[in-house]
K.L.:
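Here's a structure for you.
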There are 4 protein chains.
Amino acid sequence: MAGVNKVILLGNLGADPEVKHLEGDKVVANLRLATTEAYKDRAGNRVENTEWHDLELWDGQAKIAEQYLKKGMQLYVEGKIKSDSWQDEQGNNRKRIKIRVLSFTMLGGKPEGSSPSGNTGNYNTPSSGPSPSVAEATVEDDDLPF
Amino acid sequence: MAGVNKVILLGNLGADPEVKHLEGDKVVANLRLATTEAYKDRAGNRVENTEWHDLELWDGQAKIAEQYLKKGMQLYVEGKIKSDSWQDEQGNNRKRIKIRVLSFTMLGGKPEGSSPSGNTGNYNTPSSGPSPSVAEATVEDDDLPF
Amino acid sequence: MAGVNKVILLGNLGADPEVKHLEGDKVVANLRLATTEAYKDRAGNRVENTEWHDLELWDGQAKIAEQYLKKGMQLYVEGKIKSDSWQDEQGNNRKRIKIRVLSFTMLGGKPEGSSPSGNTGNYNTPSSGPSPSVAEATVEDDDLPF
Amino acid sequence: MAGVNKVILLGNLGADPEVKHLEGDKVVANLRLATTEAYKDRAGNRVENTEWHDLELWDGQAKIAEQYLKKGMQLYVEGKIKSDSWQDEQGNNRKRIKIRVLSFTMLGGKPEGSSPSGNTGNYNTPSSGPSPSVAEATVEDDDLPF
DNA sequence: TTTT
DNA sequence: TTTT
């Protein structure tokens, strides 16, 4: 029976993308995305809970990620859960879950009013952030705007 | 920054729920849900890909799961990704991901290939399926219909 | 700024699809889908609330809808909100909203145990429901399995 | 049968909230949210398509909206489709659809092209934007942080 | 107008 | 390891 396997995330990148160029023109990008949830506990104290997600993007999306995504940026992502299985060095069966990204939208990064100064290597250097022509587009799977 | 961490699944249960009654009236149910995706490969052959998800439900939801959910049933689920971290016997840091269920809806059905007659122990024995009063309701988190 | 406009529905068809074959091989199907919500009011009485949605499918999807979808069937749908504007006979500006379907999954129809007898023209005549080859596939936009 | 009726939107507010304080402490806020989609047409030209959504929030959410939401802000919204029916002045049956908001998250920002300085009356006057205690929280239905 |  |  056909099913549904859908993930929707909105959070911030913990690091710049890690991109690998494979043989046959394949490209894969891995991202770490943090989603933070805030609530009050029984004592009324504000508690924050952060979940880290491993995202995987391929080909056209991976290239866009490589070019535009930077540590700290806020991202909206749609994808699906995918598990990888392998054996570790001790021969144990291991399983890991990744989010295979199907589309994403860049929402910008640190809010306006924050000081961009001193952020060498930041996503909004050298000048003013992602180029509008990309920042305004939702990036679909296998979309190749180049 | 507030984020979004949302999972939507529609699939079939691979087994009856595993339910644990903990101290202090806490109840937890664990479910295995399969979501199947079908597509054609480059050669035009139909390929099926099944992903298995570990679901976790608590308290009121866990009790409903214990009473009504059975292997083979079709389920619509909303929840969020939650990771557990621990050390295994060899002292390795291990991480595992579960779907914390926030609401679910029973859709009936059983997986294809099962025998529609003579389903001893099936979810719709002894007579005619889940009681309407529950089968018709979406089960929200911390909902306690008893 | 790129945005998100996403609708997820799970409900039952109120009627067979209405299909129009337009010039240039274009096909459009219109569906009425009911989503029902049940809750208890303050007095503890069970209340049902049904919302009716106008769905629009095009081309390949429309043809699948024409062939397989029938009144009463249960459907999972993803799409987006689209508004149409026009002037009515009195010259008033009118606006109407439709759900443009991007993918759908057939979940079957009336639950097992219901009597299919006497349902002439029903979705599960003459024998045993939608053909597996289609019932098992999620139908994506512009997907043409014929 | 229990169903699903879910809407996910990410867009910008076209105006400040319209808030009405009703008898019995009820409060309702109406918002206009634009979601913009960009794509290339057959000729390769970039086309933008904006859809406007009518959002409705009640009580605690409406008060938060009144206090913090301003024209131009970027918002992530989850809700459901709700239709209102009435008769217009000519006695025609009319129907209108709103999005009943169940939770929302403020993402900051304002639409491109707006002037970042001299924003009198803007959402980040008089000083520095939404108070962190609210801006960081997702606002759930019937949540009353006051 | 669906479904339970 | 992000963000506020």
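Chain identifiers are assigned alphabetically (A, B, ...) following the order of the sequence lines, protein sequences preceding nucleic acid strands; residue numbering begins at 1 within each chain.
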K.L.:
Name all residues meeting the salt bridge (Lys or Arg N to Asp or Glu O under 4.0 Å) criterion together with C/Glu78; count only those two or more places apart in sequence or in a different chain, and write none if there are none.
P.N.:
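Per chain and number, C/Glu78 pairs via salt bridge (Lys or Arg N to Asp or Glu O under 4.0 Å) with A/Lys6, C/Lys6.
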K.L.:
Rounded to the Å, how far apart are D/Met106 CE and F/dT3 P?
P.N.:
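The distance from CE of D/Met106 to P of F/dT3 comes to 20 Å, rounded to the nearest Å.
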K.L.:
Specify the separation, in whole Å, of atom CG of A/Leu10 and atom P of F/dT3.
P.N.:
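Interatomic distance, CG of A/Leu10 to P of F/dT3: 15 Å.
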K.L.:
When you measure only distances, ignoring hydrogens and angles, does the side chain of C/Thr50 come within 3.5 Å of the base of E/dT2 through a donor and an acceptor?
P.N.:
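Such a pair exists between side chain and base.
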K.L.:
Taking D/Asn92 for the side chain and D/Arg94 for the main chain, is one N or O donor matched with an acceptor at less than 3.5 Å?
P.N.:
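Judged by distance alone, no pair lies under 3.5 Å.
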K.L.:
Without decimals, in angstroms, what is the distance between A/Leu69 CG and F/dT2 P?
P.N.:
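Computing the A/Leu69:CG to F/dT2:P distance gives 16 Å.
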K.L.:
Between atom CD in C/Gln74 and atom P in E/dT3, what is the gap in whole Å?
P.N.:
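In whole Å, E/dT3 P and C/Gln74 CD are 11 Å from each other.
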K.L.:
Would you please name every residue forming a salt bridge (Lys or Arg N to Asp or Glu O under 4.0 Å) with C/Asp54, sequence neighbours left out?
P.N.:
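Listed in chain order: C/Arg32, C/Arg96.
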K.L.:
Before accepting this row, confirm whether a basic side-chain N of the pair A/Lys20/A/Glu18 lies closer than 4.0 Å to the acidic partner's carboxylate O.
P.N.:
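No.
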K.L.:
Just the rounded figure in Å: distance from P of E/dT2 to NZ of C/Lys70.
P.N.:
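Interatomic distance, NZ of C/Lys70 to P of E/dT2: 16 Å.
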K.L.:
Would you mind reading off the distance between C/Trp52 atom CH2 and E/dT2 atom C1', rounded to a whole angstrom?
P.N.:
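In whole Å, E/dT2 C1' lies 4 Å from C/Trp52 CH2.
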K.L.:
Could you give the CG-to-P distance, from C/Leu75 to E/dT2, as a whole number of Å?
P.N.:
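Computing the C/Leu75:CG to E/dT2:P distance gives 16 Å.
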K.L.:
Calculate the interatomic distance between A/Leu107 atom CG and F/dT3 atom C1'; express it in whole Å.
P.N.:
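After rounding, the reported distance stands at 13 Å.
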